[in-house]
Amino acid sequence: MPSDQMVKLGDFSYASGSNDAIVADPNLQPPAIFILTRQAFKLLDKYRPESSEAKKERLRARAEARAAGKKEEVTKRPNTVRHGVYTITRLVETRRAQLVLIAHDVNPVEIVLHLPALCRKYNVPYAIIKGKDSLGTVVRRKTTAALALVDVNPEDKSALNKLVETVNNNFSERHEEIRKHWGGGVMSAKSDARKLKLERARARDLGKL
């Protein structure tokens, strides 16, 4: 198989013989929803996990309260963005995820290859977003493959519903249409050779060669 041969897997493409799994050509990248990015990150920013400094302060205050003999208050876990492919897979399978965002440049692509089909199976809204580093910023990491929103505060319910509606209208419900036009009509070297062979055979049958 040629090293530059393009292979399409689900909602993604990659170079089959290259260590750089994601194709540099924008026409061969998955149809990321660029217009959704700013709107999505504005909501996600409100639900970023606590920083390491904030966690240290919280644990220090908790230890001091215990040392002073104060009664420990049991509080509900705050709504935060969930990340990690295993965690998101479990949230989708249990239908707890309300929105899943997948990075378009995960390497190797097999890490997230199952997520789009899984989201469609369980009717969970999802979108492919440009940049694993952008998603990583939300969860205070360098990169992350995917994010999921499980729940939001009451004041953000309308914003989440609007975002989900945008995802459904522009991506999820148009999945098959997007796949038909995605790729810019660029075929692999193997496909080009097969097409040329068929054209020559057809021409011979018509007596043109």
Side-chain angles (χ1 to χ4, degrees), residues 8-14 21-23 26 28-50 77-182:
K8 287 188 178 181
L9 294 176
D11 293 53
F12 302 89
S13 285
Y14 76 104
I22 298 301
V23 182
L28 295 173
Q29 291 177 357
I33 304 181
F34 303 103
I35 194 172
L36 185 68
T37 303
R38 182 178 298 177
Q39 182 184 6
F41 289 159
K42 186 176 180 180
L43 177 64
L44 293 172
D45 191 57
K46 296 182 180 180
Y47 297 95
R48 299 178 70 188
E50 64 178 347
R77 178 178 180 176
N79 296 323
T80 58
V81 173
R82 310 295 293 275
H83 65 99
V85 174
Y86 176 80
T87 299
I88 292 175
T89 300
R90 179 167 46 84
L91 291 173
V92 172
E93 289 176 339
T94 56
R95 292 182 170 86
R96 293 175 56 199
Q98 297 192 37
L99 177 64
V100 174
L101 300 178
I102 309 167
H104 86 294
D105 54 349
V106 178
N107 185 4
V109 70
E110 286 82 2
I111 294 175
V112 295
L113 192 61
H114 67 289
L115 284 178
L118 191 68
C119 289
R120 291 193 295 270
K121 177 181 178 180
Y122 290 98
N123 199 27
V124 174
Y126 78 96
I128 300 176
I129 300 297
K130 185 177 182 181
K132 59 185 178 181
D133 53 343
S134 299
L135 294 183
T137 302
V138 176
V139 294
R140 306 181 190 278
R141 293 174 176 266
K142 282 187 176 181
T143 62
T144 193
L147 301 176
L149 269 174
V150 177
D151 202 1
V152 295
N153 299 331
E155 62 271 16
D156 292 321
K157 291 282 187 182
S158 60
L160 177 60
N161 291 336
K162 186 176 180 180
L163 182 57
V164 169
E165 182 181 0
T166 303
V167 169
N168 286 331
N169 292 337
N170 294 290
F171 194 89
S172 299
E173 295 177 358
R174 296 178 59 241
H175 173 262
E176 288 304 321
E177 179 185 349
I178 291 173
R179 281 174 57 85
K180 288 178 182 178
H181 297 88
W182 163 46

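Each residue takes its place number in the sequence, starting with 1. Computed from a prediction, not measured in an experiment: that's the story for all the values here.
By the 4.5 Å heavy-atom criterion applied to side chains, N153 and Y47 are counted as neighbours. Using a 4.5 Å heavy-atom threshold, the side chains of D151 and K157 count as touching. Side-chain contact check for V106 versus V85: every heavy-atom pair is 4.5 Å or farther apart.
Atoms CZ and CG, from R48 and L147 in turn, are 11.0 Å apart once rounded to the nearest 0.5 Å. Atoms NZ and CD1, from K132 and I111 in turn, are 8.0 Å apart once rounded to the nearest 0.5 Å. A distance of 10.0 Å separates CG in L113 from CD1 in I102, rounded to the nearest 0.5 Å. Here I129 contributes atom CD1 and D105 contributes atom CG; the two are 11.5 Å apart, rounded to the nearest 0.5 Å. For the atom pair CZ (R82) and OG1 (T144), the distance works out to 12.5 Å, reported to the nearest 0.5 Å. Here CG of L44 is found 9.5 Å from CG of L160. Values are rounded to the nearest 0.5 Å.
With H83 contributing its side chain and A146 its backbone, the two residues share no donor-acceptor pair below 3.5 Å. Distance alone, capped at 3.5 Å, places no donor-acceptor pair between the N168 side chain and the P125 backbone. No donor-acceptor pair under 3.5 Å is formed between the side chain of R96 and the backbone N or O of R90. Formation of a donor-acceptor pair under 3.5 Å by the R140 side chain with backbone atoms of P49 is found in this model.
Taking a 6.0 Å sphere around CZ of R141, one finds it holds 12 or fewer heavy atoms contributed by other residues, nucleotides or ligands. Atom CG of N123 sits in a sparse spot, with 12 or fewer heavy atoms from other residues, nucleotides or ligands closer than 6.0 Å.
A pairwise comparison of heavy atoms in K46 and K42 identifies CG-O, 4.0 Å as the closest pair. The minimum heavy-atom distance between A148 and A97, with the atom names listed, is CB-CB, 4.4 Å.
For the side-chain contact (heavy atoms from CB on, under 4.5 Å) test, residues two or more places apart in sequence or in another chain that qualify with E93 are T89, L118, Y122.
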*asked:* As a quick check of understanding, evaluate side-chain contact (heavy atoms from CB on, under 4.5 Å) for V81 and L149, giving each step before the final call.
replied: CA-CA 5 Å; V81 173; L149 269 174; 4.1 Å; yes
